[in-house]
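Some notes on the structure that comes next.
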Amino acid sequence: MKLKKLRHGYDIKITGETVRTIQQTDLPQKVALKPVDFEGFKPRLLVELGDVVKVGTPLAYNKNNEDIKLISHVSGQIAGIVRGKRRVIEAIVIETDGKQAREDLKIDTNNLTQDSIIEALLRTGLFLNLVQRPYNKIANPVDIPRDIFISAMDTAPLAAEESFILEDNESSFQKGIDVLSKLTSGKVRLSFKPEETEFSEFKNCELYNFKGPHPAGNVGVHIHHIAPIRNAHDIVWTCSVQAAILIGRLFETGEINHEILIKLAGSAAKKRYYFKTISGAQVSSFMGKIEENSRIISGNVLTGTKIEADGFVGFKDNLITVVPEAKDPVFMAWMNPGISKRSWWKTFVAPIITPKKAFAADTNIGGGNRAFVINDIYEDVIPMSILPGYLIKSILAEDIEEMEALGIYEVAEEDFAICEYICPSKTEFQQIIRLGLNLIEKEG
Amino acid sequence: MKFLYNFIKKFEPLFSKGGKLEKLYPIYEMGEGFLFTLPHHTKTGTHIRDAIDMKRFMITVYIAIFPAFIFGIFNTGYQHFLSLGIAASIWQIILKGIVIVLPIYLIVLAVGAIWEILFAVVRKHEINEGLLVSTFLIPLIVPPTIPYWQLIVATSFGIVIGKEIFGGVGMNIFNPALVARAFLFFAFPRSMSGDSVWTVFGEKAIDAYTAATPLAVVSDTITNSGGVIDALADKGYTLWNMFLGTIPGSIGETSTLMILLGLLVLLITKAGSWRIVLSVFVGGFAMSTLLNYLAPNPSHIFALPAHYHFVMGGFAFGAVFMATDPVSSCSTKNGKYFYGFLIGVLAILVRTLNPAYPEGMMLAILLMNTFAPLIDHFVVQAHKKRRLKYAKQ
């Protein structure tokens, strides 16, 4: 098996690691599906407040592609439609009745042709788990991707262990891989850490090993090293381990079953365990006590979304991170030798004398926004043949040809999260990459 | 510290929107930011950030320059008493040095701050910390006898034309401190060249004192007999005292030792690019060694060995503190090698071929500042070609 060692990157070690035990939870009282979790999904509601729904009831469809729908995976009543700025639908909240009454989906688990699989995935809402590159948005069901990539290694801070997610779900995962392999003209390509040998047993896919600091686990990095995206029409799909398990389960049982594993981490959370719960669960159903004045993030600290204490886990997330909000002003921080400060930069004492020690992170931005001053550091944390500084500048200049030549088709926002982390000018890399992807999709 | 913080916060409404001094908000922000790093929360993108910011980065560079500054104070006093032939105590030397150097620094700092504040207020952005480094560098590259009014004009020119009109920190093509020095050199040449400007003389100068800088000594090939190194030794300049820096020259440029200490700080903290510094020395070495072969006789300036070049004049200072300015140098890693190499080559070339410009480093860096974007352009082109080839596989 091919092992690729990646040098560039940076592992951010923060405190708040979780105990490696699973706690069962009851079905949460409230569950929500958030259209904002899916890039490119412009929701049009099919239900109203108070409607009764069952497992399998369509809740909303995508204005851009009406076949793609948000499907309920619980039964109950619509308890709320949360709207954000400019009346964008942020969440469809369902109050569960515990009965899990089901619609008759009529999924034929023996029919494994490409068309019937796509139909089944669309009918159950599982299709929304498939993300396409270029553009890093929901896949298009009419496309036949060149390959499907699964990353079974998450190197983000405090990320859930994929082998733990896999435990007891091996047959579903294999089924998921079998199903996915029918959807592509190429292969399913599974990447994992060399020490996690559980993943080397799977068939019907190509296996790869990667080793290195974050973002070595990012699927975009794997695509770049295995079979890079060459142009706007070279389409690949990506799928998470958890999603592949759910897809596999669908074709094993013919029913929607969204039981997933969620890791609760972060120094501001007290009860740090793995929880067996359901997609879109309300965090308060398992979170327990957290510190006052802290930020709850669905996902990891680099790419996750901020949610409120009564908020809901993102559809594709396996992690909730709770970190303290920055509180006190620090007196003359710039002169502080920095014995407990964490930094990729060695201008603080701590990274020089205790480089591997975990630190307590908080949400302090640490300084004002400035123009680009130091330009060549970003390549040191991206294990891909991309010049991040130049790519960002080409996006800001809206230079389409330059963006294409520098690799805009290959990238996603999450690949630049580390650049954003280390940037002393506090440049908003992820936001700019998203702008660039939207721009090139429209005009490329 | 809470008390101090609350006290300062009381002034914030005065400077915020609707307050009487709302236009001067950048000044309030600068003062507050100087004392406190505020707990601003991340709003978009990653939720946690590296503890670094531009303030921290600039302070690190400032600390790296500090040894050269301190030694400069000492050396200015030392050269003064040496020229008088008086054996002064260490305290007299330091006091004299402070009396000469501190006003120069304060004037440069004040002028730079006034311009930076003015532009920040007019453009409505925060005051940038790059000011601290530029204003720390300018005093170190002028002779200690520089008239104050010339200093004010040159600093203004350097900050405004060298930086602000391009858009401020991060946007400038040229190194602002070098722009200030170039301005002084071309506008007021008599204050910047000759033998009498590099030392602050007293009522009289003893004969034994050499006022000419080492570079001036080796450029003067007509009167030299014997090897060029002997010519230096005759005037009291050995490799050691030139390395240590107890020689006349610009305030901060003389001590290669102090500059190397600064280099160590820059390298450990990653604030300075080792690629650039290494390439400058390699380029300088290559050019001076080539010239050694072409020297018509051993007393010609061509015959000066590379390591002598490194300890003389502004070569080391320029290589470590000027060429490494991240904004005006190349942005690409491979570009930095070319950029540094050509600076080293050009600096030696200008020094040895043109008797009117004994100091070639300043001009070499400014010229390469102009070409840095072009070098980067070719590096990026090569990168794009490589990407295309890789994708085809």
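Given the structure is predicted, the values throughout are model-derived calculations rather than measurements.
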So, are B:Lys384 and A:Glu402 salt-bridged, with charged N and O less than 4.0 Å apart?
yes
Between A:Arg133 and A:Asp415, is there a side-chain N and carboxylate O pair less than 4.0 Å apart?
yes
Chain A heavy atoms under 4.5 Å from B:Ala51: which part of the residue, side chain, backbone, both or neither?
both
Okay, B:His383 and chain A: the region with an atom under 4.5 Å from a heavy atom over there is side chain
So, does A:Asp11 use its side chain to make a donor-acceptor pair with the main chain of A:Pro213 at under 3.5 Å?
no
Are there over 12 heavy-atom neighbours, none belonging to B:Phe338, within less than 6.0 Å of that residue's CZ?
no
Can you check whether anything in residues 262-270 of chain B gets within less than 4.5 Å of chain A, heavy-atom wise, and list it by number?
B:Ile268, B:Thr269, B:Lys270
At a 4.5 Å cut-off on heavy atoms, which part of B:Thr60 comes close to chain A: side chain, backbone, both, or neither?
side chain
Portion of B:Lys385 that has a non-hydrogen atom of chain A nearer than 4.5 angstrom
neither
Is A:Arg370 salt-bridged to B:Glu129, going by a charged N under 4.0 Å from an acidic O?
yes
Taking the basic N atoms (NZ, or NE/NH1/NH2) and the acidic carboxylate oxygens, is any pair closer than 4.0 Å for B:Asp53 and A:Lys426?
no
Looking only at A:Arg295, A:Gln431, A:Glu428, most heavy-atom pairs under 4.5 Å shared with chain B are made by A:Arg295
